[in-house]
Undergrad: 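To start, I am sharing the structure in question, which I have written as structure tokens.
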Protein chains: 2
Amino acid sequence: MSAKDSELTGVKEIARRANVSRGTVDRVIHNRTGVSQKTIDIVNAIIKELDYQPNIFARSLASKKQVVFAVLIPGVSLETNYWEEPLLGITEAGAEISPYGITLKKYLYDLNDKKSFLEQIALIDLSTVQGVLLAPSFIEESEHFVKKLESRKIPYVFINSDIQGHDSLSYFGPDLYKSGYLSAHLMKYLVKEGEEILIVNISKEIDNQHHLLRKEEGFRNYFIDKKLTNPILKIDIKQTDYAYVSKSIEDVLQRHHVAAVFVTNSRVSTVAKYLKRSGAANRLLIGFDYTKENLAYLKSGDIDFLICQKPREQGYKGLMALYQFVVHAKVGEKNNFMPIDIITSENCDFYIN
Amino acid sequence: MSAKDSELTGVKEIARRANVSRGTVDRVIHNRTGVSQKTIDIVNAIIKELDYQPNIFARSLASKKQVVFAVLIPGVSLETNYWEEPLLGITEAGAEISPYGITLKKYLYDLNDKKSFLEQIALIDLSTVQGVLLAPSFIEESEHFVKKLESRKIPYVFINSDIQGHDSLSYFGPDLYKSGYLSAHLMKYLVKEGEEILIVNISKEIDNQHHLLRKEEGFRNYFIDKKLTNPILKIDIKQTDYAYVSKSIEDVLQRHHVAAVFVTNSRVSTVAKYLKRSGAANRLLIGFDYTKENLAYLKSGDIDFLICQKPREQGYKGLMALYQFVVHAKVGEKNNFMPIDIITSENCDFYIN
DNA sequence: CCTTTCTTCGTGCACGTGAACGTTTATTAC
DNA sequence: GTAATAAACGTTCACGTGCACGAAGAAAGG
């Protein structure tokens, strides 16, 4: 750590102990050719023994190589500007580490369009990339992509939603199951026993987004765990425009007496809009994310609660974790669940995304 | 920014343009002696023109100097472990920047003892310190200290509470006035018009801690702004032990019919303890901070709301701001108010301090 | 045995800055 | 005017690492 240990550390010391030159040690460290297996083993043993950490200052000085991170997340869409926030956090972290020679390349895909996800992936030149930060919105395609990353030994960090069973460096985002669970908990307080509850999934790609599915699972399991008898209805709405959404909701509300609505993503404002216009705003409405539209309906009383999970921090911390690993070889926690913030009209003015 | 600009930047280029040697430029940059005023002016002009930013890698490589930051905050006390959290954030940031040669020196004082604050200050050897992160709990003493820092041109960052009118680099903490204001807002929802409200300040050094005073001010002003008629009582309790606190509260409660209690700091658990024991827990109780004790009373229903303001993040961001300034000469926002989180028994399990 | 080729390794320069040391020029003292 | 001193500036090495170049030795082929 301290500068005085210089005689006991560094490539020079390793070389001295191994009775080889600095160049040879360097070759071992960088897995370059031209070293006998015997020497490799000796050097590696000493590296391990000394717990050698390369001096990143000297390294960056000597090498003109820039470290490049690819960022693969949704862009802002017409229906929601949610993804502005993670991007802000990412940009902030990017600015912080840019003095250390890190460059970001951003690839923004359309959350409504699986094809654009693949297109953006195709644009990433993996041979020039030392790490990837991604939101794995489409399960299968993401899995395929991260397998490619793994085979190339490129570290990657998930944000916003996780894919289990893969060797990601870490995950920063909600505990999806628990956010659904908490939403149910909140709802229980405000509906009476036996009243009907409606779950609304709005997404062109519902089946591919386990994001929504996990939340629904958590929500339902709360009612099961607590042995509550409220009937739970559900609709999947695969078009995101207002006309289609409102019609779908209307359909259900005509046939059922729904006391509370749970929208599994930030599209809750679309539902709020309909409920308000149709004069049915007295129903309890819970949804996700502190977007501009949602905020307006929260303030007007049409949305009762918004669940929010620090989108900006997800981006910031996700990128930082990647940086800490790639540059400093520091491994942090694998799962980093964001707090589940409950936003109401009372505290919304003080919330920071 | 990029490595290719190397010919156009750096000390070498400055020297070339000024027709002097690198050594002379170096002397100007570091305000060392041995350069004529004329040369100094020329070099400085060029530095400004080129917007020269020293290469921190080369700098740290060449210089064995360690950067030292002093951290001056309260230690954990018997009554509250609140200060664990800022310290955690500080330690986390410290670990992150330690590869860049930053060392922390921690000076923990007793929040209940003004003398210990002065003692810790006396321990700080300012000639070895390049920056200070502090919680200015005692107004006058803090002012005196930061004046000394200013005269030595040592940058400093406030956390937790701010002192106006000083040249701090920045502030990370609550907008005290607004947190009082929001508390009042919450309280309004749950008391009826005309019911009596009690403000409780618990601290050995109330008069010195504008922390408490500003919160009270915000709280009172809400009721004034909204033209509410609830009588507002107040007690200052200058001993922090349970016996004394409970007696003080009991005193008031016997003489008044109090519907709601607002405790201006984390000592709210002491009040909760009394209310619970005395069987008077049906009163609304609002206080501050996500401490272990408070959490227990929140879950048991004896505390209704906790206002919390990211103590850990205050520490983390405060130290980072200091680092960004000292090492990268980056100036961020001066006032960084933390979000005002409302913790209830519903979301407390998901909160991150 | 000599030449060629390949494997294995050592040496030296470069990165941009800090700082000690050396050199030149200007100033002062006698 | 000369020596002594001070002021102003130039030169050089060091920091730890990456990388190009080339050397030494072993292996292979004739």
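Per chain, numbering begins at 1; letters A, B, ... match sequence-line order.
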Undergrad: Would you mind reading off the distance between A/His30 atom NE2 and D/dA20 atom P, rounded to a whole angstrom?
TA: 12 Å
Undergrad: What is the distance, to the nearest angstrom, from the CG atom on A/Asn55 to the C1' atom on C/dG16?
TA: 14 Å
Undergrad: Is there a side-chain contact between A/Ile90 and A/Ile73, using heavy atoms and a 4.5 Å cut-off?
TA: yes
Undergrad: Let me know the distance between CD1 of A/Ile56 and C1' of D/dC15, rounded to the nearest Å.
TA: 14 Å
Undergrad: What is the distance from CG of B/Asp41 to C1' of D/dA8, rounded to the nearest Å?
TA: 15 Å
Undergrad: With a 6.0 Å cut-off on the ring centroids, do A/Tyr156 and A/Phe158 count as close?
TA: yes
Undergrad: How would you summarise protein contacts on nucleotides 4-14 of chain C per nucleotide, using B for base, S for sugar-phosphate only and - for none, with heavy-atom distances below 4.0 Å?
TA: ----BBBBBB-
Undergrad: Heavy atoms, side chains only, cut-off 4.5 Å: are B/Tyr171 and B/Ile163 in contact?
TA: no
Undergrad: Has A/Tyr52 got a side-chain N or O lying under 4.0 Å from the OP1 or OP2 atom of D/dG16?
TA: no
Undergrad: May I have the distance from B/Lys38 (atom NZ) to D/dA8 (atom P), rounded to whole angstrom?
TA: 12 Å
Undergrad: State, with a plain yes or no, whether a side-chain heavy atom of B/Ser142 is found less than 4.5 Å away from one of B/Phe117.
TA: yes
Undergrad: Just say parallel, tilted or perpendicular for the rings of B/Tyr323 and B/Tyr100, cut-offs at 30° and 60°.
TA: parallel
Undergrad: Could you tell me the separation between the NZ atom of A/Lys12 and the C1' atom of D/dT17, rounded to a whole number of Å?
TA: 11 Å
Undergrad: Atom CZ of B/Arg59 and atom P of D/dG16: how far apart are they, to the nearest Å?
TA: 18 Å
Undergrad: Specify the separation, in whole Å, of atom CZ of B/Arg32 and atom C1' of D/dA7.
TA: 16 Å
Undergrad: Would you please test A/Arg32 and A/Asp26 for salt bridge (Lys or Arg N to Asp or Glu O under 4.0 Å) and show each step?
TA: CA-CA 8 Å; A/Arg32 271 183 270 136; A/Asp26 192 61; 2.5 Å; yes
